[in-house]
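These notes are about the structure you will find just below.
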Amino acid sequence: MEKTVRRIGVFTSGGDAPGMNAAIRSVVRTALHMGIECIGIRRGYHGLINGDFVPLTFESVSGLSRRGGTMLYSARSEDFKSQLGREKAVATCKLLGLDALVGIGGDGTFRGLLTLAQQGLSVIGIPGTIDNDIACSTYTIGYDTACNTALESIDKLRDTMQSHERCSVVEVMGRHAGHVALNVGVACGATAVLVPEQKVNYEEDLMEPIRRSRLAGRTHFMIIVAEGVEGGAYEVARQIKEATSLDTRVTVLGHVQRGGAPTVRDRIAATYMGYEAVRLLAEGKSCRVVAMDGESYVDYDITEALQMHKGLDQQTYTVMRALTGIQ
């Protein structure tokens with residue numbers, strides 16, 4: 001059967017995430033295996049508008065899986081929000097002879113793909129964000145690496161915190177989602193974990209776990225705060241200082257969580273998702289998001305995917321509350 005897809009473009013958009021390079025490699029290698037040429041679009045939608053591209057070959061993506069960041073760079077584009085910008089993006093696709101696009105990123109990336117699909121382009125989205133906040137997928141590329149990076153930093157902080165008998169308040173990334181904070185908090189044995197999905201009761205959720213820990217003989221305390229919590233880590237630290245007089249220090253881990261070589265899980269997930277994206281295009285499918293449902297790889301219509309909602313894993317949240325002594 002004659003192939004309807006001869007040349008595809010791949011790009012990354014939004015915040016970078018460890019494993020994006022592994023996804024790029026998988027898209028390129030799978031496409032070549034299926035007789036499809038692959039073009040890399042640099043700097044996301046900005047590059048698509050301005051024709052910033054690079055041909056990708058079997059050799060050019062060799063060894064890419066172990067590298068953090070994204071070889072195609074990432075940028076946000078205000079121009080793409082306009083009709084003129086979108087028309088320029090479509091014109092670039094026509095000029096380059098692209099039959100389809102694969103976009104790796106978050107909800108913003110998927111919304112952009114949807115607008116291009118409405119103008120006749122074949123598109124597939126792959127969820128890549130350390131926040132793990134893509135509603136249609138139980139797992140997103142970069143999440144495991146970010147959690148491990150945060151955990152390593154927190155373990156090191158604990159050494160100096162214990163030496164000085166301090167309370168350490170650590171803010172981790174996640175935008176408006178608490179997945180990173182919750183899982184890292186459970187993994188590091190935090191005294192308390194605060195997430196934006198749950199309204200904070202400072203007395204019950206924070207002070208009481210600290211007091212219970214002190215009564216049990218602990219002289220140092222670790223508090224994990226998701227960046228989306230109202231007031232942030234500095235407000236949490238102020239509340240602790242006022243209520244307990246503890247020597248309280250704040251550490252904001254910030255963008256270090258986005259860097260580093262991806263973990264095995266992120267490399268495998270990215271590789272499978274890249275393969276699935278090209279397979280869908282080769283089968284003539286479009287306007288889909290590759291996702292994970294548990295450990296299975298599935299796909300959804302982009303419109304359906306953007307309408308889904310995702311909360312915290314309640315079992316993990318229940319375990320966290322039990323281990324920190326919250327009733």
Side-chain angles (χ1 to χ4, degrees), residues 1-14 16 19-67 69-75 77 80 85-105 109-110 112-128 141 267 269-290 297 299 302:
M1 186 177 68
E2 184 180 354
K3 292 183 177 68
T4 56
V5 178
R6 298 174 301 276
R7 182 180 298 131
I8 65 174
V10 58
F11 67 93
T12 53
S13 180
D16 62 303
M20 280 185 166
N21 277 326
I24 294 168
R25 174 182 178 274
S26 179
V27 168
V28 174
R29 292 279 179 95
T30 303
L32 293 173
H33 175 73
M34 295 182 177
I36 301 170
E37 188 179 353
C38 197
I39 304 296
I41 308 298
R42 291 181 293 207
R43 299 174 179 86
Y45 290 110
H46 179 78
L48 194 60
I49 291 172
N50 295 288
D52 187 359
F53 68 93
V54 58
L56 296 174
T57 65
F58 190 94
E59 183 58 33
S60 69
V61 297
S62 180
L64 202 57
S65 293
R66 65 177 179 268
R67 288 168 49 189
T70 163
M71 68 165 291
L72 294 176
Y73 310 110
S74 188
S77 175
F80 188 77
R86 292 191 291 271
E87 289 175 357
K88 287 183 178 180
V90 173
T92 297
C93 291
K94 291 180 178 179
L95 176 64
L96 298 179
L98 300 181
D99 299 308
L101 286 172
V102 176
I104 307 166
T109 302
F110 300 159
L113 289 174
L114 181 59
T115 64
L116 294 176
Q118 292 167 346
Q119 298 187 56
L121 289 174
S122 294
V123 300
I124 301 291
I126 295 176
I141 297 169
R267 297 186 200 194
T271 300
Y272 270 76
M273 287 182 177
Y275 172 86
E276 287 297 309
V278 178
R279 181 186 65 80
L280 289 170
L281 289 173
E283 292 178 357
K285 296 180 181 178
S286 175
C287 203
R288 310 294 292 180
V289 174
V290 178
Y297 292 89
D299 59 275
I302 292 180

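Note that these values count all heavy atoms, side chains included, but never hydrogens, waters or copies made by symmetry. What you see is a predicted model; the values in this text were computed from it and never measured.
- For the pair Cys287/Leu114, a side-chain contact is recorded, criterion being any heavy-atom separation below 4.5 Å from C-beta on.
- In this structure, Tyr272 places its OH atom where only 12 or fewer heavy-atom neighbours from other residues, nucleotides or ligands lie under 6.0 Å away.
- No side-chain heavy atom of Ile124 sits under 4.5 Å from any side-chain heavy atom of Ile8.
- Rounded to the nearest 0.5 angstrom, Ser122 OG and Leu101 CG are separated by 9.0 Å.
- Between Ala117 and Val123 the shortest heavy-atom distance is CB-CG2, 3.7 Å.
- The two residues Ala89 and Phe80 make their nearest non-hydrogen contact at CB-CE1, 3.9 Å.
- Under the 4.5 Å side-chain criterion, counting only non-hydrogen atoms from C-beta, Leu56 is not in contact with Val27.
- Here the side chain of Asp16 pairs no donor or acceptor atom with the backbone of Gly69 at under 3.5 angstrom.
- Of the possible donor and acceptor atoms, none in the side chain of Tyr73 sits under 3.5 Å from a partner among the backbone N and O of Gly44.
- In this structure, the side chains of Phe53 and Leu72 stay at 4.5 Å or more apart for every pair of heavy atoms.
- A 4.5 Å side-chain heavy-atom check between Arg42 and Val54 finds at least one atom pair inside the cut-off.
- Rounded to the nearest 0.5 angstrom, Ile104 CD1 and Thr12 OG1 are separated by 6.5 Å.
- Not one N or O on the side chain of Ser74 forms a donor-acceptor pair closer than 3.5 Å with the backbone of Arg43.
- Put simply, the side chain of Val90 reaches to within 4.5 Å of the side chain of Leu116, judged on heavy atoms.
- Phe11 is not listed as a side-chain neighbour of Asp52, based on a closest heavy-atom distance of 4.5 Å or more.
- Residues Leu48 and Cys93 form a side-chain contact, since some pair of their non-hydrogen atoms from C-beta on lies under 4.5 Å apart.
- At least one donor-acceptor pair under 3.5 Å links the side chain of Asn21 to the backbone N or O of Met71.
- Side-chain N or O atoms of Asp299 include none that pairs as donor or acceptor with a backbone N or O of Arg288 at under 3.5 Å.
- One distance of note links CZ of Arg267 with CZ of Arg25; it measures 10.0 Å at 0.5 Å rounding.
- Between the OG1 atom in Thr70 and the CD1 atom in Ile24 there is a gap of 4.0 Å [rounded to 0.5 Å].
- Rounding to the nearest 0.5 angstrom, the gap separating the CD1 atom in Ile36 from the CZ atom in Arg6 is 10.5 Å.
- Nearest heavy atom pair, residue Gly47 against residue Ile41, reads C-CG2, 3.8 Å.
- Sparse packing is recorded around OH of Tyr275, with 12 or fewer heavy atoms of other residues, nucleotides or ligands lying under 6.0 Å away.
- Heavy atoms from other residues, nucleotides or ligands lying under 6.0 Å from CD of Glu59 number 12 at most.
- Separating the CZ atom in Arg279 from the NZ atom in Lys285 is a distance of 6.0 Å, to the nearest 0.5 Å.
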Intermediate values then yes/no, side chain to side chain contact (heavy atoms under 4.5 Å, CB included), Val102 and Ile126:
CA-CA 7 Å; Val102 176; Ile126 295 176; 3.8 Å; yes

Begin with the C-alpha distance, continue with both residues' side-chain angles, and end with the deciding distance and a verdict on side chain to side chain contact (heavy atoms under 4.5 Å, CB included) for Ser77 and Ile49.
CA-CA 9 Å; Ser77 175; Ile49 291 172; 3.7 Å; yes

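- Between the side chain of Arg29 and the backbone N or O of Phe58, at least one donor-acceptor pair lies under 3.5 Å.
- Here the side chain of Tyr45 pairs no donor or acceptor atom with the backbone of Ala75 at under 3.5 angstrom.
- Looking at every heavy atom in both residues, Glu276 comes nearest to Val290 through CB-CG1, 3.9 Å.
- Closest heavy-atom contact between Ile39 and Pro55: CD1-CA, 4.0 Å.
- Ser26 contributes a side-chain N or O that, together with a main-chain N or O of Thr271, makes up a donor-acceptor pair within less than 3.5 Å.
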